[in-house]
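One structure below.
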Amino acid sequence: MSEKAGIYVGFFISDNGNMKTRIYVDGYNFYYGCLKGTPYKWLNPLTLFSQHIIPSSAQPLHQPSSLDIRYFTARISGKVARNDHSVNDQNTYLRALEALYPEDVLSIIEGYFSVSDTEAFKIDVNNPQLAPRFCEKVKIWKLEEKQSDVNIAVEALFDALTETDIEQLIFVTNDTDIAPVMRKIRKHTNKTLGLIVPTKPNTRPPSSKLIDYADWTRHSIKNYELKASQMPRVIAKSSRATLRKSIIKPTSWYGHPELLSKIFDTLQPCMKGKVNKVWQWLETEKPNVEGLPILDKLPIEMLDTVEDANAVLAHAIAYAYYHQR
C-alpha cells in the first residue's frame, strides 16, 4: 500500500478461518510493553493481529473467519506529558484508527488518567532494603490510568454472555487483573480464549494466571511484525466522517526525529520551503551515486536506525548542494 491511503474497504482474514473473533487490546499495556521507544507507534493493530500474530500462533481450528477489535486506552494528561506534542500525537493516532476503520471493525473505548498528589515512602539511599515503615515519607505525584482494565472486563464478559455468534475472544494484555474475567468466561461459556502478551521477546515473562485460562498463547511480539504493520503515513479519507484535512503521522514518531529534522532543514531551502516536496523526495527511489551510501530502500523506509537515517541525510546534503550551485 502507498504512503498515502484512503479508507480500507473490506479486510482479508483467512479463506480457511473458522471462528468469528473479537480482540480486546489493552492499549496502555501494549504501549509500554511493545511500542515505547520504538519507531513503530504508528501501528495498524488489525494488520498486526490478522496478518502476523494470529496466523503464526493459533491452531487452524482457531483461525478467525471474521475479526474486529475493541481498543482500550486513556488520553494523556497534558499535566504529565513527556513533551509538548505528546497529547496531540496520541490524538492524531486515535483519529487515524477511526478514519481507517468503521466502528463495527475497530472501536475505541476510553478510560482516563488520574493525577493526584499523595505521600509515599522514600527508599533509603544508604539502606535500600530497609522496610518502608522505617523510611521517610515524601510528597509525590501519583499518575494512574483508570478504568481500562474494568472496561475490558465488562465489555468482554458482556460480549461472551450476550453475543452468541462470537466464538473466540482474544485478550492482548499481560495485566493479571484480567484473569478473573477470563475465569468467568471459561466457566460460564464455551468460547475459545486466546492470549497475546504485548511484550518483547526475552523480556517480561507472561503472567501464568492469564495463560492458565487461555486455549492458546502468543508469548511476545517481534519488532519485524510491528514494522510490517504500520499505517500509511498520510490518511486522506475517513470511514466515519469527511476529513477536513488529511491525518499525517507525527514526525516525532519516526525512529530519529532529530535527523529527520536535519533532512528537512537541508532540503526545504532548495524546494521553496515546501514541506510536501520534501516528503515526495523521501518517498522516491534514489540512484546509486559514487561517494554516497547506497539506499537500498525508499528513504522514508530508512529512518528507523541512526546509520540508515544518516545515509538518507548524506543524500539530502548532496541533493541540496547540487541544486543550489
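Since the model is a prediction, treat every value here as computed from it, not as a measurement.
Aromatic ring centres of Trp279 and Phe264 lie closer together than 6.0 Å.
Side chains of Ile196 and Ile170 form a contact here, defined as non-hydrogen atoms less than 4.5 Å apart. Side-chain contact between Val275 and Lys277: absent, with no pair of heavy atoms (C-beta onward) separated by less than 4.5 Å. Contact check for Val154 versus Asn151: no side-chain heavy atoms found under the 4.5 Å cut-off. Leu94 is listed as a side-chain neighbour of Thr73, based on a closest heavy-atom distance under 4.5 Å. Counting heavy atoms from C-beta outward, Leu303 and Glu301 have side chains that stay 4.5 Å or more apart. His62 places a side-chain heavy atom less than 4.5 Å from the side chain of Met19. The side-chain heavy atoms of His219 and Ile211, taken from C-beta on, include a pair separated by under 4.5 Å. When side chains are defined from C-beta on, Lys200 does not count as touching Ser220, because their heavy atoms never get closer than 4.5 Å.
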| request: Given side chain to side chain donor-acceptor pair (under 3.5 Å), test Ser56 with Arg218 step by step and report yes or no. | output: CA-CA 9 Å; Ser56 64; Arg218 173 66 180 268; 3.0 Å; yes

| task | Would you please test Ser252 and Asp89 for side chain to side chain donor-acceptor pair (under 3.5 Å) and show each step? | result | CA-CA 8 Å; Ser252 64; Asp89 290 352; 2.5 Å; yes

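Between the side chain of Gln168 and the backbone N or O of Thr21, no donor-acceptor pair lies under 3.5 Å. Using a distance-only test at 3.5 Å, with no hydrogens or angles considered, a donor-acceptor pair links the side chain of Lys286 to the main chain of Thr284. A distance-only check finds no donor-acceptor pair linking the side chain of Lys237 to the backbone of Thr242 [under 3.5 Å]. Not a single donor-acceptor pair under 3.5 Å links the side chain of Ser207 to the backbone N or O of Thr176. Remark: the backbone N or O of Pro60 is not paired with any side-chain donor or acceptor of Gln63 at under 3.5 angstrom. Proximity of a side-chain donor or acceptor of His256 to a complementary backbone N or O of Asp304 within less than 3.5 Å is detected. Remark: side-chain polar atoms of Asn44 are not paired, donor with acceptor, to backbone N or O of Ser229 under 3.5 angstrom. Side-chain atoms of Arg70 never come within 3.5 Å of backbone atoms of Ile108 as a donor-acceptor pair (strictly under, hydrogens ignored). Listed for the Gln90 side chain is a donor-acceptor partner under 3.5 Å among the backbone atoms of Ala74.
Counting non-hydrogen atoms of other residues, nucleotides and ligands closer than 6.0 Å to NZ of Lys274 gives a total of 12 or fewer. Annotation for Glu258: atom CD counts as buried by contact number, over 12 foreign heavy atoms lying within 6.0 Å. Counting heavy atoms of neighbouring residues, nucleotides and ligands inside a 6.0 Å radius, atom CD of Glu119 exceeds 12 of them. More than 12 heavy atoms of other residues, nucleotides or ligands sit less than 6.0 Å from atom CG of Asn276.
The residue from Phe158, Phe171, Tyr71 that alone fulfils the ring pair (Phe, Tyr, Trp, His ring centres under 6.0 Å) condition with Tyr24 is Phe171. When the options Ile23, Val172, Leu97 are evaluated for a side chain to side chain contact (heavy atoms under 4.5 Å, CB included) with Pro45, the one that passes is Leu97.
Considering CD1 of Ile247 and OG of Ser238, their distance stands at 6.5 Å, rounded to 0.5 Å. Going from atom CG of Leu298 over to atom CE of Met302 covers 10.0 Å, rounded to the nearest 0.5 Å. With rounding to the nearest 0.5 Å, the separation of CG in Leu130 from CD1 in Ile123 is 10.5 Å. Annotation: the span from Leu267 atom CG to Ile263 atom CD1 amounts to 7.5 Å, rounded to 0.5 Å. The CD atom of Glu98 lies 11.0 Å from the CG atom of Leu243; values are rounded to the nearest 0.5 Å. Taking CG from Leu195 and CG from Leu169, the interatomic distance works out to 12.5 Å, rounded to the nearest 0.5 Å.
Linking Ile, Leu, Val, Met, Phe, Trp and Tyr whenever their side-chain heavy atoms come within less than 4.5 Å puts Val278 and Leu259 in one cluster. Linking Ile, Leu, Val, Met, Phe, Trp and Tyr residues whenever their side-chain heavy atoms come within less than 4.5 Å places Trp281 and Leu260 in a single cluster. At a threshold of 4.5 Å between side-chain heavy atoms, the hydrophobic network of Ile, Leu, Val, Met, Phe, Trp and Tyr places Ile109 and Ile152 in one connected group. Put simply, Val197 and Val25 are part of two different groups of oily side chains (I, L, V, M, F, W, Y) that touch within less than 4.5 Å, one to the next. In this structure, Leu67 is a member of the same hydrophobic cluster as Ile53, with clusters built from ILVMFWY side-chain heavy atoms closer than 4.5 Å.
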Ignoring hydrogens and angles, write down the donor-acceptor pairs under 3.5 Å from the side chains of residues 312-319, residues two or more places apart or on other chains.
| unit_1 | atom_1 | unit_2 | atom_2 | d |
| --- | --- | --- | --- | --- |
| His315 | NE2 | Pro293 | O | 2.5 |

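Geometrically, Lys41 does not engage Tyr31 in a cation-pi contact defined by less than 6.0 Å to the ring centre and at most 45° from the axis. No cation-pi contact links Arg233 to Trp42, judged by a cut-off of 6.0 Å to the six-membered ring centre and 45° from its axis. Both tests do not hold together for Lys227 against Tyr40: distance to the six-membered ring centre under 6.0 Å, angle to the ring axis within 45°.
Checked for salt-bridge contact, Asp215 and Arg186 meet the test: a charged N lies under 4.0 Å from a carboxylate O. Salt-bridge annotation for Glu110 and Arg75: present, with a side-chain N of the basic residue lying under 4.0 Å from a carboxylate O of the acidic one.
Partners of Tyr28 under the ring pair (Phe, Tyr, Trp, His ring centres under 6.0 Å) rule, at least two apart in sequence or in another chain, are Tyr32, Phe113.
The salt bridge (charged side-chain N to carboxylate O under 4.0 Å, His left out) analysis of residues 20-31, with sequence neighbours excluded, yields the pairs Lys20-Asp165, Arg22-Asp68, Arg22-Asp159, Arg22-Glu163.
The aromatic rings of Tyr93 and Trp253 sit tilted, their planes meeting at an angle between 30° and 60°.
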